[in-house]
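These numbers were taken from a predicted model, which means no experiment stands behind them. No hydrogens, no waters, no symmetry mates; every other heavy atom, side chains included, goes into these values.
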Amino acid sequence: MDTKSSPTRTVLVTGAAGFISKNLIAELRLDESIVVKELTRDTKEDLTSLVDDIDFVFHIAGVNRPEDPAEFQTVNADLTRSLLDALEAK
């Protein structure tokens, strides 16, 4: 048996309240060497600080049936651009 502990990896899952993300998070948490950070619409933490120590991103956030079509731009495009900007600033 290997007595060395695995290196810890930190991942960010966007859209963490959604069906796919919830299942992904459940699977990731089975591995004790993975720390999971979640991004939902209710996340108060700034994206720049949220991505500061992450190793990997699962970007699953998105809307597909918004009441307001402008949400497509806000969530699907603008969030992706903001996430990329925060990652580039790391």
Side-chain angles (χ1 to χ4, degrees):
M1 178 157 98
D2 185 11
T3 57
K4 293 181 184 177
S5 61
S6 299
T8 301
R9 294 165 292 166
T10 303
V11 301
L12 172 66
V13 179
T14 69
F19 176 79
I20 294 171
S21 294
K22 284 181 184 177
N23 286 285
L24 173 62
I25 290 166
E27 287 297 315
L28 289 170
R29 289 203 166 127
L30 294 175
D31 185 335
E32 293 178 359
S33 72
I34 298 175
V35 175
V36 179
K37 288 187 170 186
E38 301 177 23
L39 177 67
T40 68
R41 292 178 188 206
D42 298 328
T43 300
K44 304 292 185 223
E45 191 173 352
D46 176 70
L47 264 180
T48 304
S49 61
L50 193 62
V51 302
D52 187 45
D53 63 345
I54 61 165
D55 300 301
F56 195 85
V57 177
F58 291 94
H59 182 39
I60 304 173
V63 294
N64 57 9
R65 284 172 283 192
E67 290 181 24
D68 179 358
E71 273 189 272
F72 279 117
Q73 179 68 33
T74 302
V75 176
N76 297 351
D78 295 346
L79 174 61
T80 301
R81 172 54 32 208
S82 296
L83 181 59
L84 289 172
D85 290 344
L87 290 165
E88 286 177 342
K90 266 179 68 155

For this session: May I ask whether L12 and F58 are part of the same hydrophobic cluster, defined by side-chain heavy atoms of I, L, V, M, F, W, Y residues being less than 4.5 angstrom apart, directly or through others?
Result: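 No, L12 and F58 fall in different hydrophobic clusters.
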
Exercise. V11 and side chain to side chain contact (heavy atoms under 4.5 Å, CB included): which partner among I34, D31, D55?
Worked result: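 By the side chain to side chain contact (heavy atoms under 4.5 Å, CB included) criterion, V11 pairs with just one of I34, D31, D55: I34.
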
Exercise. Picking from L28, T40, L39, what satisfies side chain to side chain contact (heavy atoms under 4.5 Å, CB included) with V13?
Worked result: L28

Just so I know, are the side chains of [X] and [Y] near enough to count as touching, which here means a heavy-atom distance under 4.5 Å?
{"X": "I54", "Y": "L87", "result": "yes"}
{"X": "R41", "Y": "V63", "result": "yes"}
{"X": "V36", "Y": "L24", "result": "no"}

Roughly how far, to the nearest 0.5 Å, is [atom2] of [Y] from [atom1] of [X]?
{"X": "I60", "Y": "I25", "atom1": "CD1", "atom2": "CD1", "value": "7.5 Å"}
{"X": "T80", "Y": "D85", "atom1": "OG1", "atom2": "CG", "value": "11.0 Å"}
{"X": "L84", "Y": "R81", "atom1": "CG", "atom2": "CZ", "value": "5.0 Å"}
{"X": "T8", "Y": "E32", "atom1": "OG1", "atom2": "CD", "value": "10.0 Å"}

Seminar exercise, completed: All heavy atoms of P69 vs all of P66, minimum pair found to be CA-CG, 4.3 Å

Exercise. Which heavy atom in A16 sits nearest to a heavy atom in E38, and how many Å separate them?
Worked result: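 For A16 versus E38, the nearest heavy atoms are CB-CB, 3.4 Å.
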
Hey, does the side chain of [X] reach the backbone of [Y] with a donor-acceptor pair shorter than 3.5 angstrom?
{"X": "S21", "Y": "A61", "result": "no"}
{"X": "K37", "Y": "T10", "result": "no"}
{"X": "N23", "Y": "F19", "result": "yes"}

